[in-house]
**Q** 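Pasting in a structure now, in structure tokens, and then I'll have a few things to ask.
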Amino acid sequence: MMASQQQQPGGPMSQPGLQQQASLQQQQQLLSQQQDFDPVHRFKMLIPQLKESLQNLMKIASLNLAHNTTIDNGIKSSDTTVQRFDKSLEEFYALCDQLELCLRLAYECLSQSIDSAKHSPNLVPTATKPDTVQTESMSYAQYLGMIKSQISCAKDIHNALLECSKKIAGKGQPQGIM
């Protein structure tokens, strides 16, 4: 009877430990996934690769230059093979392109964040929680004014698109037929 009441390894007492470990692993995976999508983090990760690629490119360029110089001076024949400069240059350009994309994405994220803060800067306090009113929140009247201006802007864009589509559709019809 006593042996059956003792805790077995892997029994109920070890479950919270396993759950914590699984939860910790999930959080780490989520953090690494978020960092993969963060353009600034990706940029920081690509910089050492870019430095290494540039060093490799310069090394290959100098070796090729030295090799060609010896061939031009008649000291050595072209029996030895040297690394291809164009492949290392392509690798360097590919990393530069990735960095450019990261920077553009980071810029777009920043622009979107600024626009978001500009067009909806503060929260509106809710009546259900009056004790949690924030100092940065706007009044309901201010909120309504902001919403009306956003609706007006959306209507202007809609009308401009309709007008443009009518002009495009009008150009597609033959002029002589009415």
Side-chain angles (χ1 to χ4, degrees), residues 12-58 86-178:
M13 288 300 280
S14 65
Q15 287 291 46
L18 290 175
Q19 289 174 348
Q20 278 183 331
Q21 187 178 12
S23 174
L24 183 61
Q25 287 175 347
Q26 288 174 346
Q27 288 174 352
Q28 288 173 345
Q29 287 175 349
L30 183 63
L31 181 63
S32 69
Q33 288 174 351
Q34 287 174 345
Q35 289 175 344
D36 287 344
F37 293 121
D38 180 22
V40 175
H41 183 263
R42 179 137 172 79
F43 179 83
K44 288 178 182 178
M45 299 274 294
L46 286 173
I47 289 295
Q49 292 177 20
L50 183 71
K51 286 180 182 178
E52 183 180 323
S53 178
L54 182 61
Q55 288 173 347
N56 186 37
L57 179 68
M58 292 299 143
D86 58 341
K87 287 187 178 182
S88 60
L89 186 63
E90 284 297 320
E91 178 188 334
F92 178 75
Y93 279 145
L95 285 169
C96 287
D97 289 343
Q98 289 180 23
L99 286 170
E100 181 183 6
L101 288 174
C102 288
L103 289 174
R104 285 183 185 201
L105 182 59
Y107 178 76
E108 285 298 319
C109 289
L110 178 64
S111 296
Q112 204 170 45
S113 175
I114 289 171
D115 287 343
S116 176
K118 177 181 165 186
H119 296 294
S120 182
N122 302 318
L123 300 174
V124 177
T126 59
T128 58
K129 298 180 183 178
D131 57 333
T132 61
V133 173
Q134 299 175 350
T135 58
E136 297 177 2
S137 63
M138 62 174 57
S139 70
Y140 188 69
Q142 291 172 325
Y143 178 74
L144 283 178
M146 181 185 67
I147 295 299
K148 285 179 182 177
S149 70
Q150 289 177 347
I151 290 171
S152 172
C153 182
K155 284 181 181 178
D156 291 344
I157 291 171
H158 180 263
N159 291 336
L161 289 172
L162 280 176
E163 184 178 320
C164 184
S165 68
K166 287 177 183 176
K167 285 181 181 179
I168 291 172
K171 289 182 180 180
Q173 295 176 354
Q175 296 292 337
I177 301 173
M178 289 252 184

**Q** Can a donor-acceptor pair be found, under 3.5 Å and without considering hydrogens, that links the side chain of Ser111 to the backbone of Tyr107?
**A**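 A pair under 3.5 Å: yes.
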**Q** Look at Arg104 together with Glu100 and state whether they make a salt bridge at an N to O cut-off of under 4.0 Å.
**A**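 Salt bridge between Arg104 and Glu100, a charged N being under 4.0 Å from a carboxylate O: yes.
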**Q** To the closest 0.5 Å, what do you measure between CG (Leu54) and CG (Leu89)?
**A**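 It comes to 10.5 Å.
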**Q** State, to 0.1 Å, how close Ser53 and Ser88 come at their nearest heavy-atom pair, and which atoms those are.
**A**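 It is OG-O, 4.3 Å.
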**Q** Could you please spell out the steps behind the side-chain contact (heavy atoms from CB on, under 4.5 Å) verdict for Leu161 and His158?
**A** CA-CA 5 Å; Leu161 289 172; His158 180 263; 5.9 Å; no
**Q** Any Lys/Arg nitrogen of Glu163 or Lys167 sitting under 4.0 Å from an Asp/Glu carboxylate oxygen of the other?
**A**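 Yes, Glu163 and Lys167 are salt-bridged.
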**Q** CE/Met45 to CG/Asp38 distance, rounded to the nearest 0.5 angstrom?
**A**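 Between Met45 CE and Asp38 CG, I get 11.0 Å after rounding to 0.5 Å.
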**Q** Roughly how far apart are Tyr143 OH and Ile147 CD1, rounded to 0.5 Å?
**A**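 These two atoms lie 4.0 Å from each other.
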**Q** For atom CD of Gln142, decide whether the heavy atoms of other residues, nucleotides or ligands shown that lie under 6.0 angstrom number more than 12.
**A**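 Above 12, so yes.
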**Q** Start with the C-alpha distance between Asp115 and Gln112, add both sets of side-chain angles, then the distance that settles side-chain contact (heavy atoms from CB on, under 4.5 Å), and finish with yes or no.
**A** CA-CA 5 Å; Asp115 287 343; Gln112 204 170 45; 5.7 Å; no
**Q** Return the CD1 to SG distance between Ile114 and Cys109, rounded to the nearest 0.5 Å.
**A**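 So the gap between those two atoms works out to 11.5 Å.
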**Q** From Glu91 CD over to Glu52 CD, what is the distance, rounded to the nearest 0.5 angstrom?
**A**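 Nearest 0.5 Å value for the CD-CD distance: 8.0 Å.
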**Q** Could you go through the side-chain contact (heavy atoms from CB on, under 4.5 Å) check for Cys96 and Phe92 one step at a time?
**A** CA-CA 6 Å; Cys96 287; Phe92 178 75; 3.6 Å; yes
**Q** What's the separation between atom CG in Leu103 and atom CG in Leu110, rounded to the nearest 0.5 Å?
**A**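 Separation between the atoms: 12.0 Å.
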